[in-house]
There are 2 protein chains.
Amino acid sequence: MNNGRFATALHILTLLDIKKGELLSSEFIAGSINVNPAIVRKEIGNLRALGFIESKEGKGGGYTLGKSSSKITLSEVYRAVNDSPLLGRANDPNPDCPVGRQINDHLKDLFSTADELFLKQLDKITVKDFVKRFE
Amino acid sequence: MNNGRFATALHILTLLDIKKGELLSSEFIAGSINVNPAIVRKEIGNLRALGFIESKEGKGGGYTLGKSSSKITLSEVYRAVNDSPLLGRANDPNPDCPVGRQINDHLKDLFSTADELFLKQLDKITVKDFVKRFE
DNA sequence: CATACTGTAATAATTTTAATTACAGTACAA
DNA sequence: TTGTACTGTAATTAAAATTATTACAGTATG
C-alpha cells in the first residue's frame, strides 16, 4: 500500500480540473503538492498512459486533463497507483509450520474481499465529485 | 498503514488458539512467523494490554489467549495495531495554494469513510472464524 | 542458585519511499 | 537557427519507516 502516491495523483488531477483550459507545468504542480517536480512528471507519466492526462512538450508546454473529470473515478486513480490497496506488506512465515504455511493465503483472501469493497466505494466517486469539495 | 503488524498479531492469535491449553514461548511463535522473538514479545505486550493474551513470566512461562477466540473480532485486532487502516502517509502540501490547503482534509474524509466500511466487515469475523480456515 | 523464560529499551540494519541531479529530447519564439 | 523553457526518464542520494538485533533486568521454577 502507498497512499502518498494516491494523494499525489489525486492532487494533480484536482489541480488540472480546477485550472481547466490552462497548461500547468510540473513545477507549478509540484509547488502545490510540495514535492519534487521530477516526481510529478513521473506520476503523470503513469496517469498519462491511462489517458487521464495529456502533455505537451517543449517551451510553453505542460499538462491538461486527458478526459473529463466526470469520467475518471477514484477507483481508477487508486488502481493506477496501487494494485492492492489493503494487502500491503506481508510476513515471510515458516513453511514448515502448518499455520505459517497457510496464513498468507488466508490473509490475502481477507484483504482481497476488503479491497473489492473499498474500490466499489471509490468507484462511485469521480474526480469531479472530489473537486466539488473544494468549493 | 501497516499490515505487517496486523499479520503478525493475527498469526500470534491463530497459533494460541490452535495450541489452546499450552503455554507458547515467544521463540516458538517467532519461529512460525519467522520474525525476531523480541518483536513477538513487543506485539504481545500490546495485545495483552487489550486482554486478548495472557502471559506467564519465568521459567516454563509463555503465552495463552486471554479470552475466547470467538470473542475477538478482526476489527479489534486491526485497531490494536493501527488507528486508521487506509489513511496512511499523507503529503505535506503548500498551504498557500487553495488546493494544497484543503486536500488533506478531503482525503481524510474519504479514507475515514472507507475505514469504517472496512472495519465493519472485519467486525463480522472473529479470530475463531479465521482459525477455521486452517482446517 | 542455575535455568528458562518475559519485559523492555537502545541500537543497528534493512527496506521503502521520496528527493535530487542530470541530461537528452522537443517546441516555441526572437 | 539559436536560446529558452519545458517534458521524459534514469541514476543516484537521502530520508523515513520498519524490522532485526542485542542486551539485560525481572520473575518463576525446580
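No hydrogens, no waters, no symmetry mates; every other heavy atom, side chains included, goes into these values. Here is how names work: the chains are called A, B, and so on, in the same order as the sequence lines, proteins then strands, and each is numbered from 1.
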Which residues pass the side chain to side chain contact (heavy atoms under 4.5 Å, CB included) test with A/Lys42, sequence neighbours left out? none
Between atom [atom1] in [X] and atom [atom2] in [N], what is the gap in whole Å?
{"X": "B/Lys42", "N": "D/dT19", "atom1": "NZ", "atom2": "C1'", "value": "9 Å"}
{"X": "B/Ile12", "N": "C/dT6", "atom1": "CD1", "atom2": "P", "value": "12 Å"}
{"X": "B/Ile44", "N": "C/dG7", "atom1": "CD1", "atom2": "C1'", "value": "11 Å"}
{"X": "A/Lys59", "N": "D/dT2", "atom1": "NZ", "atom2": "P", "value": "16 Å"}
{"X": "B/Glu27", "N": "C/dT3", "atom1": "CD", "atom2": "P", "value": "17 Å"}
{"X": "B/Asn82", "N": "D/dA17", "atom1": "CG", "atom2": "P", "value": "14 Å"}

Euclidean distance, A/Ser69 OG relative to A/Lys132 NZ, rounded to 0.5 Å: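 Taking NZ in A/Lys132 and OG in A/Ser69, the distance rounds to 8.5 Å.
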For residues A/Phe111 and B/Phe6, establish whether the separation of their ring centroids is below 6.0 Å.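 They qualify: ring centres under 6.0 Å apart.
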Roughly how bent is the helix from C/dC1-D/dG30 to C/dA30-D/dT1 end to end, in steps of 10 degrees, with each end axis from five pairs? 0°
Using a strict 4.0 Å threshold on nitrogen-to-oxygen distance, state whether A/Arg48 and A/Glu54 make a salt bridge.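 Between A/Glu54 and A/Arg48 there is no salt bridge, as every charged N stays at least 4.0 Å from the carboxylate O atoms.
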Derivation and outcome, salt bridge (charged side-chain N to carboxylate O under 4.0 Å, His left out), residues B/Lys108 and B/Asp105: CA-CA 5 Å; B/Lys108 202 176 161 189; B/Asp105 286 342; over 6 Å; no
Atom pairs under 3.5 Å, N or O on each side, protein against nucleotides 20-25 of chain C: can you list them with distances?
| unit_1 | atom_1 | unit_2 | atom_2 | d |
| --- | --- | --- | --- | --- |
| C/dT20 | OP2 | A/Asn36 | ND2 | 3.2 |

Does the side chain of [X] get closer than 4.0 angstrom to OP1 or OP2 of [N] through an N or O atom?
{"X": "B/Lys56", "N": "D/dT29", "value": "yes"}
{"X": "B/Ser26", "N": "C/dC5", "value": "no"}
{"X": "A/Ser25", "N": "D/dA5", "value": "no"}

Can you give me the closest heavy-atom contact between A/Lys124 and A/Asp129, atom names plus distance?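 In this case the closest contact between A/Lys124 and A/Asp129 is O-OD2, 3.7 Å.
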Would you sort out whether B/Asp123 and B/Lys120 count as a salt bridge (charged side-chain N to carboxylate O under 4.0 Å, His left out), showing the intermediate values? CA-CA 5 Å; B/Asp123 205 43; B/Lys120 199 175 281 180; over 6 Å; no
Please examine the side chains of A/Leu65 and A/Phe52, heavy atoms only from C-beta on, and report whether any two atoms are closer than 4.5 Å. no
Is the shortest side-chain heavy-atom distance between A/Lys71 and A/Thr126 below 4.5 Å?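 A side-chain contact is absent here, since even the closest heavy-atom pair is not under 4.5 Å.
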